[in-house]
Amino acid sequence: MSFESKLNKGEFFIPECTECKKIVWPPAEFCNHCFGIVSLKEGPFEGKIMEFSRQNEQYFCLVEFENTIKIIANISKLPIIGQKVKISKCGINDGNYFFQVI
Amino acid sequence: MNDMNKVGIVGYGITPFTKDDKKIESILLDSAKELFKNNQKINRDDIDAVLVSTNNNSKYLSPILSEMAGIQPKIAHTIESLCNSGTNSIVSAYSYIASGLADMILITGAERYDSPGQILEWDNSRGEYKHPIFWASIFTKSYKREFSISDEQLAIVSVKNHKQAKENPNALSKKTYTVDDVINSKKLTEDLRLLNCSRPCTGSASIILASEDKAKQLTDKPIWVTGIGQKTTSAGFTKNNSFSSMESTKLAGQTALKMANKNSKDIDVAEIHDAFSVCEPMALESLGFSVEGRGMDMINELHDTNNFKINPRGGLIGSGHPLGATGIAQTIEITQQLQSNAGKRQVDNPKVGLVHNMSAAATSSTVLVLET
């Protein structure tokens, strides 16, 4: 199954090359380092908050996973830089990925 | 570099930046017409290539512009790279001339106010936060945190650039603002107010590049492109390693200055890609005009002394940001400055100018050095 099929079901996997073992991000069919086939690594994964801001009452934050991947996610409470978080909700809405962390 | 032909700017034309609802084809022609009016020595039969810079989705725009302008070029195509499409087009034109493939090239950039280039749909790492105000909010928060800068201090960028835009008859903004006006303008996010942002708009800018011989025939004041640097570090915003400096700008700037055999102290006037207030100090630092974290000191001093050295036409914040036209409009401004033809915006006797144009949260940057 592809990263997007999993994400569409609300599951967050990390794409990894079966040959060189590098994380492939953004998700792709082939590794951008060695063009090897990509498989999906199952979580849960611990992320770290790198930066954040707020629009109206909604905080959004830049979260790093595995020292490699960075995504922008919603978070309900005031984030702290360096705070450890995990993905509580994710999916695809109107073609856009969405992520929520706690 | 010594084996390449020298390349100069021999003509330009620009339209006012507005919110007009016009067809992209008409917008393109508007600045090209202006260009041929400004330099009547240019024979359209001598134009070897027509390059169009835009994010508009219409097809075949370069042959269309060529037909509308009565040109039958050898080379005709569109160039798109989001917000730095304009300088990418200039680099392509430079390469055609320097390699000997062409002698004279028309480059026209144009955009409508509703450009699809404002959102990079591909960048899913941004989740539901794909609008540029969100990367700008992260940059702003990060810059403020790292260097202890306040919203009031950053607001000076917008105050300065609106003030300078008032002397630019083609600018979208016609007003001046105070620091209070900026920090009390519409709140977009916790870290970004409306007056911290450049605005998408309708506009067009055209420029003609030519080989050395041609340039000397066509103008008494050719402006030479002596340095070019480009760097793309990624396409996705979250791939940036720093959110308080611009890696691609740093590398492109170093390459351009090295090619021109200059350093940042030699630059008399510069156009900086201030898509949002925070971008101006970040870019000044990444280009070596200021040490890290002190870009606002330079901006404050320029503002206090009414010195137009940085963003004399008002930057993107004051002039408006018609994506495909922006890099060309920036290059025209530096050309006018070096030709001492910038009216009330004129900087004192500049000899060397710099253009900084970037796209998608500084994932790609172009830097040009221009000289008399």
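Chain letters run A, B, ... following the sequence lines, proteins first, then strands; residues in each count from 1. Values below: every heavy atom of this structure, side chains too, minus hydrogens, waters and symmetry copies.
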Considering only heavy atoms, which portion of A/E4 lies under 4.5 Å from any heavy atom of chain B: side chain, backbone, both, or neither?
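Side chain only.
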Specify which of [options] makes the most heavy-atom pairs with chain B at under 4.5 Å.
options                    : result
A/R54, A/M50, A/Q58, A/E64 : A/R54
A/C61, A/G95, A/P26, A/C90 : A/P26
A/T68, A/I81, A/N93        : A/I81

Considering all heavy atoms, the nearest [X]-[Y] contact:
X      : Y      : result
B/S125 : A/W25  : OG-NE1, 2.8 Å
A/Y59  : B/Y129 : O-OH, 4.3 Å
A/F52  : B/R145 : CE2-NH2, 3.8 Å

Enumerate the residue pairs fulfilling salt bridge (Lys or Arg N to Asp or Glu O under 4.0 Å) with a member in residues 115-125 of chain B, sequence neighbours excluded, ordered by first and then second residue.
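Sorted pair list: B/E121-B/K130, B/D123-B/R126.
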Within 6.0 Å of [atom1] in [X], more than 12 heavy atoms from elsewhere:
X      : atom1 : result
A/K86  : NZ    : no
B/K163 : NZ    : yes
B/K187 : NZ    : yes
A/K41  : NZ    : yes
B/K144 : NZ    : yes

Is chain A contacted by the side chain of B/L188, its backbone, both, or neither, given a heavy-atom distance below 4.5 Å?
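Backbone only.
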Side-chain contact, heavy-atom cut-off 4.5 Å: [X] with [Y]?
X      : Y      : result
A/I71  : B/T238 : no
A/S53  : B/F134 : no
A/I72  : B/W135 : no
B/E128 : A/F98  : yes

Can a donor-acceptor pair be found, under 3.5 Å and without considering hydrogens, that links the side chain of A/K70 to the backbone of B/N241?
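No, because the side chain of A/K70 does not come within donor-acceptor range (under 3.5 Å) of the backbone of B/N241.
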